[in-house]
Amino acid sequence: MEKILERYDNYWYAEKAFIASDLDSQGNWCQEYRKLKAKVEALSRSQRHLMGEQLDSLNVRELQQLEHQLEISLKHVRSRKNQVMFDSIAELQSKEKALQEQNENLEKQQIMEKQKAKVVDRQAHWDQAQISSPSLMAEANPTFNIGPYQGMAAVYGQHQVRTGNGLLPPWMFRPLNG
């Protein structure tokens, strides 16, 4: 029974201490509330002054301080604006450079594709011309019979020798019977 009474006393004193500290903290909260409320009012008044409102109540010294504060703020704003502008200019310049390089690569690729198309087209015309009239093609290239081998075509019995890929001049072959 004594233990139960001791526990009762301990809890009762602990509760009393808690209630007392709660009352103290409420007093602190009320005081803290008043301080914060005064700060909020001062800040809102300052904000109104910075916005150009309710300036009638300010004296010359306070107006000069406000002007100085506004000039400093304006310098910070302009500095930040300039930094943002310079950063965006640098970013745009790097994008421009990348786009120019991409454009140059695309132009090179386009030129190469045009050249490939021309080669394919020429090859197709060449193949078509060989199929339609191989004798005309042999006569169309008189440069194959230039030099001391001009008379050698008679030895072979024809102007050009046909190979798997096209026509070759007779001077590129040795005489078969000689």
Side-chain angles (χ1 to χ4, degrees), residues 1-132 137 140-141 143 164-167:
M1 187 65 143
E2 281 184 33
K3 288 183 181 183
I4 293 174
L5 289 175
E6 282 180 26
R7 273 193 286 168
Y8 174 76
D9 287 339
N10 287 338
Y11 285 119
W12 188 75
Y13 287 119
E15 188 176 328
K16 252 187 171 180
F18 178 72
I19 291 172
S21 68
D22 192 33
L23 291 176
D24 289 342
S25 66
Q26 283 181 356
N28 288 339
W29 285 115
C30 290
Q31 192 176 23
E32 185 73 23
Y33 170 76
R34 283 188 215 114
K35 287 180 183 178
L36 290 175
K37 187 175 179 182
K39 279 186 179 182
V40 167
E41 288 176 7
L43 287 173
S44 65
R45 186 174 49 249
S46 175
Q47 181 182 10
R48 285 191 299 271
H49 292 318
L50 289 172
M51 298 298 289
E53 300 170 358
Q54 298 177 354
L55 298 176
D56 298 338
S57 63
L58 298 178
N59 61 25
V60 174
R61 183 173 165 260
E62 290 171 336
L63 286 172
Q64 287 175 341
Q65 286 177 346
L66 181 63
E67 181 183 22
H68 181 68
Q69 187 178 4
L70 286 171
E71 286 175 355
I72 290 172
S73 298
L74 186 61
K75 286 180 184 178
H76 288 294
V77 168
R78 286 180 177 158
S79 174
R80 177 66 183 141
K81 182 188 88 170
N82 287 337
Q83 183 63 40
V84 169
M85 296 278 286
F86 288 138
D87 291 345
S88 67
I89 287 171
E91 181 181 340
L92 289 173
Q93 285 175 340
S94 67
K95 283 182 182 180
E96 178 188 21
K97 185 178 178 182
L99 288 173
Q100 284 177 345
E101 290 174 1
Q102 184 180 12
N103 192 21
E104 289 173 3
N105 290 337
L106 288 173
E107 285 176 355
K108 288 177 183 177
Q109 186 178 9
Q110 185 180 19
I111 290 171
M112 290 177 63
E113 288 176 4
K114 283 182 180 180
Q115 289 176 347
K116 287 180 184 177
K118 284 181 183 179
V119 167
V120 168
D121 191 41
R122 285 181 187 162
Q123 184 67 33
H125 287 303
W126 175 261
D127 291 344
Q128 184 64 30
Q130 281 184 339
I131 292 171
S132 64
M137 291 304 292
N141 288 325
T143 58
N165 293 353
L167 300 173

Rounded distance [0.5 Å steps], CD in Glu71 versus CG in Leu66: 10.0 Å
CD/Gln47: more than 12 non-hydrogen atoms of other groups inside 6.0 Å: no
Taking side chain as C-beta onward, heavy atoms only, is Arg80 less than 4.5 Å from His76? no
The reported gap from CD1 in Ile89 to CD in Glu96 (rounded to nearest 0.5 angstrom) is 12.0 Å
Could you walk me through whether Glu67 and Leu70 pass the side-chain contact (heavy atoms from CB on, under 4.5 Å) check? CA-CA 5 Å; Glu67 181 183 22; Leu70 286 171; 5.7 Å; no
Evaluate the criterion side chain to side chain donor-acceptor pair (under 3.5 Å) for residue pair Asn105 and Glu101; output intermediate values, then yes/no. CA-CA 6 Å; Asn105 290 337; Glu101 290 174 1; over 6 Å; no
Asp87: which residues meet the side-chain hydrogen bond (donor to acceptor under 3.5 Å, both in side chains) condition with it, sequence neighbours left out? Gln83
Distance from Gln102 atom CD to Lys95 atom NZ, nearest 0.5 Å? 13.0 Å
So, Ser46 side chain and Ala42 main chain: donor-acceptor pair closer than 3.5 Å or not? no
State the CZ-CE distance between Arg48 and Met51, to the nearest 0.5 angstrom. 11.5 Å
Ile111 vs Gln115, side-chain contact (heavy atoms from CB on, under 4.5 Å): CA-CA, chis, key distance, verdict: CA-CA 6 Å; Ile111 290 171; Gln115 289 176 347; 3.9 Å; yes
Rounding to 0.5 Å, atoms NZ (Lys35) and SG (Cys30) come to a distance of 12.5 Å
With distance as the sole test, does Ser79 use its side chain to make a donor-acceptor pair with the main-chain N or O of Lys75 at under 3.5 Å? no
If you measure from CD on Gln100 to CD on Glu107, what distance do you get to the nearest 0.5 Å? 10.5 Å
Side chain of His49, backbone of Gln54: donor and acceptor closer than 3.5 Å? yes
When you measure from the side chain of Glu41 to the backbone N and O of Ala38, does any donor-acceptor pair fall under 3.5 Å? no
